[in-house]
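Encoded as structure tokens, the structure appears first; notes follow it.
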Amino acid sequence: MTLTSPHLSSTGWTDARLLYALEEVVEKELERHLKVTKDWMPHEYVPWSDGRNFPALFEDGEAWDRSQSKVTDVGRIALVVNLLTEDNLPSYHHEIATLFGRDGAWGTWVHRWTAEEGRHGIVMRDYLLASRAVDPDELERFRMAHMSEGFESDNRHSMLHSVAYVAFQELATRISHRNTGHQSGDPVCDRMLARIALDENLHMIFYRNLLGAAFEIAPDLTMQAVRDVVVGFRMPGHGMPGFERAAAQMAIGEIYNLRIHHDDVLQPVLRFLKVLQIEGLGPDGLRAQEELGLYMNGLDSEASKFDERLAARKARMAARAAG
């Protein structure tokens with residue numbers, strides 16, 4: 001019996017067997033990724049001419065003030081959340097290198113992904129400091145607090161769960177960056193985040209295709225992993241200082257909320273892989289598929305309630321402005 005046999009029982013699959021069985025898929029997806037991705041220079045997206053010294057060590061230094069940047073309040077909040085999320089790249093690298101390994105196609109992908117993600121933190125911090133979009137002292141204090149806590153994924157116990165998670169999370173990050181750019185009020189910021197979003201989309205495609213291959217060789221286990229990840233999904237920045245309040249403001253600001261999470265993140269991946277239409281599952285896989293469908297229906301209802309509350313809030317604010 002080969003490792004890729006669809007008849008291998010769920011109990012027969014270990015992380016090591018799955019890694020070996022998916023190695024050729026990773027190699028193929030890596031080759032495709034390297035053909036379509038384009039290198040870019042972070043420094044070309046930064047408005048360096050806007051930069052000036054900060055006080056403390058420079059006599060001509062100018063203290064930060066909110067009025068120095070055209071970035072909107074919600075844009076500022078989202079930029080800090082997005083950058084702090086990118087800052088934990090060392091922890092993310094450690095986790096996927098431990099799960100996927102550092103050898104062969106898996107290892108090549110891990111290092112390539114890390115290198116590409118590294119650009120995102122570089123360009124975002126340079127932009128924020130040069131354009132004075134955020135308080136640099138507060139940003140550094142947040143960075144130290146967040147990185148000192150480290151990051152442990154909810155899915156570090158399982159390679160399949162981790163692949164399922166990043167298939168959704170990379171798309172969530174792309175959507176968050178893209179919407180932050182749209183709501184930022186600064187075309188320079190919008191252009192920078194659009195470039196980052198292109199990378200995140202390619203990363204999503206890599207993991208989504210890998211998840212599709214996992215469904216072919218271990219459908220029951222993969223379905224259970226997707227069910228678990230979707231039901232318990234949390235963004236990687238959930239442990240940062242003030243995340244709950246920032247997330248609420250980003251939800252109201254239509255950068256990332258329940259409706260966006262359901263329509264623009266979960267549904268596209270599930271629909272592309274036809275997850276809820278997969279047939280031939282065993283009892284555990286079928287149960288997971290049914291629970292996933294029920295959860296998505298419930299999430300859609302919750303998103304509709306949020307939509308109604310948001311619409312009512314907009315109406316109240318419009319009435320006040322008119323009055």
Side-chain angles (χ1 to χ4, degrees), residues 29-30 32-34 36-40 42 45 74-75 77-89 92-93 96 109-110 112-125 127-128 151 153 155 162-184 186-212 226 229-230 233-238 240 243 246-247 250-251 253-273 275 299 303:
E29 287 302 315
L30 175 62
R32 180 197 55 76
H33 177 82
L34 293 175
V36 298
T37 192
K38 295 180 180 178
D39 278 340
W40 55 281
Y45 288 79
V74 71
I77 291 165
L79 282 163
V80 171
V81 169
N82 291 351
L83 176 55
L84 290 178
T85 300
E86 300 285 356
D87 276 336
N88 253 338
L89 181 61
Y92 309 148
H93 173 83
I96 66 170
W109 166 253
V110 166
R112 175 71 193 195
W113 175 87
T114 302
E116 291 183 7
E117 287 286 340
R119 288 188 180 126
H120 304 168
I122 291 169
V123 72
M124 288 179 68
R125 176 165 281 100
Y127 164 80
L128 292 179
F151 172 82
S153 168
N155 305 288
S162 295
V163 169
Y165 176 73
V166 289
F168 294 107
Q169 186 267 324
E170 292 282 5
L171 183 52
T173 305
R174 172 206 165 199
I175 295 296
S176 181
H177 281 315
R178 203 67 194 92
N179 289 344
T180 298
H182 291 329
Q183 302 287 350
S184 69
D186 181 8
V188 175
C189 179
D190 191 23
R191 182 174 59 207
M192 171 194 66
L193 291 175
R195 187 60 193 81
I196 292 174
L198 286 176
D199 281 358
E200 304 290 9
N201 196 58
L202 289 177
H203 297 164
M204 179 276 293
I205 291 171
F206 180 97
Y207 287 120
R208 184 195 64 192
N209 292 352
L210 192 56
L211 186 61
V226 169
V229 164
V230 169
F233 187 89
R234 296 195 295 175
M235 290 294 274
H238 61 80
M240 69 180 59
F243 178 78
M250 290 167 66
E254 298 182 85
I255 288 176
Y256 201 95
N257 55 40
L258 281 179
R259 175 52 64 200
I260 292 169
H261 182 60
H262 178 277
D263 290 2
D264 300 338
V265 176
L266 299 182
Q267 282 284 32
V269 175
L270 295 176
R271 191 183 305 118
F272 183 88
L273 297 176
V275 173
L299 184 63

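We number each residue from 1, following the sequence as shown.
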Side chain proximity check, [X] to [Y], heavy atoms < 4.5 angstrom:
| X | Y | value |
| --- | --- | --- |
| Arg234 | Phe243 | no |
| Arg178 | His182 | yes |
| Asn179 | Tyr256 | no |
| Leu79 | Leu193 | yes |
| Thr173 | Met235 | yes |
| Leu270 | Val226 | yes |
| Ile175 | Met204 | no |
| Leu210 | Glu29 | no |

Between Phe272 and Asn209, does the side-chain contact (heavy atoms from CB on, under 4.5 Å) criterion hold? Intermediate values first, please. CA-CA 10 Å; Phe272 183 88; Asn209 292 352; 4.1 Å; yes

Determine whether the aromatic ring centres of Phe233 and Tyr165 lie less than 6.0 Å apart.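 Ring-ring flag for Phe233/Tyr165: true, centres closer than 6.0 Å.
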
Verify the ring-centre separation between Trp109 and His33: is it less than 6.0 angstrom?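 Under 6.0 Å, so yes.
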
Decide side-chain contact (heavy atoms from CB on, under 4.5 Å) for Trp113 and Leu202; before the verdict, give the C-alpha distance in whole Å, the side-chain angles of both, and the deciding distance to 0.1 Å. CA-CA 10 Å; Trp113 175 87; Leu202 289 177; over 6 Å; no

Please round to the nearest 0.5 Å and tell me the distance separating atom [atom1] of [X] and atom [atom2] of [Y].
| X | Y | atom1 | atom2 | result |
| --- | --- | --- | --- | --- |
| Ile122 | Leu83 | CD1 | CG | 11.0 Å |
| Met192 | Ser184 | CE | OG | 8.0 Å |
| Leu266 | Leu258 | CG | CG | 10.0 Å |
| Arg191 | Asp186 | CZ | CG | 9.0 Å |
| Glu170 | Tyr207 | CD | OH | 6.0 Å |

Please lay out, stage by stage, how Arg125 and Asp87 fare under the test side-chain contact (heavy atoms from CB on, under 4.5 Å). CA-CA 10 Å; Arg125 176 165 281 100; Asp87 276 336; 2.8 Å; yes

Does Glu116 pair with Arg112 as a salt bridge, N-O distance under 4.0 Å?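 The answer is yes: the pair qualifies as a salt bridge.
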
Asp264 bridged to Arg271 by N-O distance under 4.0 Å: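 Salt bridge absent between Asp264 and Arg271.
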
Over all heavy atoms of both residues, which pair between [X] and [Y] is shortest? Give the atoms and the distance, please.
| X | Y | value |
| --- | --- | --- |
| Leu211 | Ala167 | CD2-CB, 4.1 Å |
| Thr180 | Gly75 | CG2-O, 4.1 Å |
| Ile255 | Ala78 | CD1-CB, 3.5 Å |
| Gly212 | Leu273 | CA-CD2, 3.7 Å |
| Met240 | Val81 | CE-O, 3.4 Å |

Side-chain H-bond candidate by donor/acceptor type, Glu200 with His120, under 3.5 Å: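 Result is yes, a qualifying pair exists.
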
Side-chain donor-acceptor pair present, His261, Gln267, cut-off under 3.5 Å: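 On atom types as modelled, these side chains do not qualify, holding no pair under 3.5 Å.
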
Criterion side-chain contact (heavy atoms from CB on, under 4.5 Å) on His177 and Met124, from CA distance to verdict: CA-CA 11 Å; His177 281 315; Met124 288 179 68; 3.7 Å; yes

Qualifying residue for side chain to side chain contact (heavy atoms under 4.5 Å, CB included) with Glu117, from Asp199, Ile196, Leu89: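 Per the side chain to side chain contact (heavy atoms under 4.5 Å, CB included) rule, the option paired with Glu117 is Leu89, out of Asp199, Ile196, Leu89.
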
Between Tyr45 and Arg195, is there a cation-pi geometry (under 6.0 Å to ring centre, at most 45° from the normal)?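 Arg195 over Tyr45 ring: no.
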
Quick check: does any side chain N or O of Asn155 sit under 3.5 Å from a backbone N or O of Ser162, one acting as donor and the other as acceptor?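 Pair absent, no side-chain N/O of Asn155 close to backbone of Ser162.
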
Would the distance check show the side chain of Arg208 and the main-chain N or O of Val269 forming a donor-acceptor pair, the cut-off being under 3.5 Å?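 No; zero donor-acceptor contacts below 3.5 Å.
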
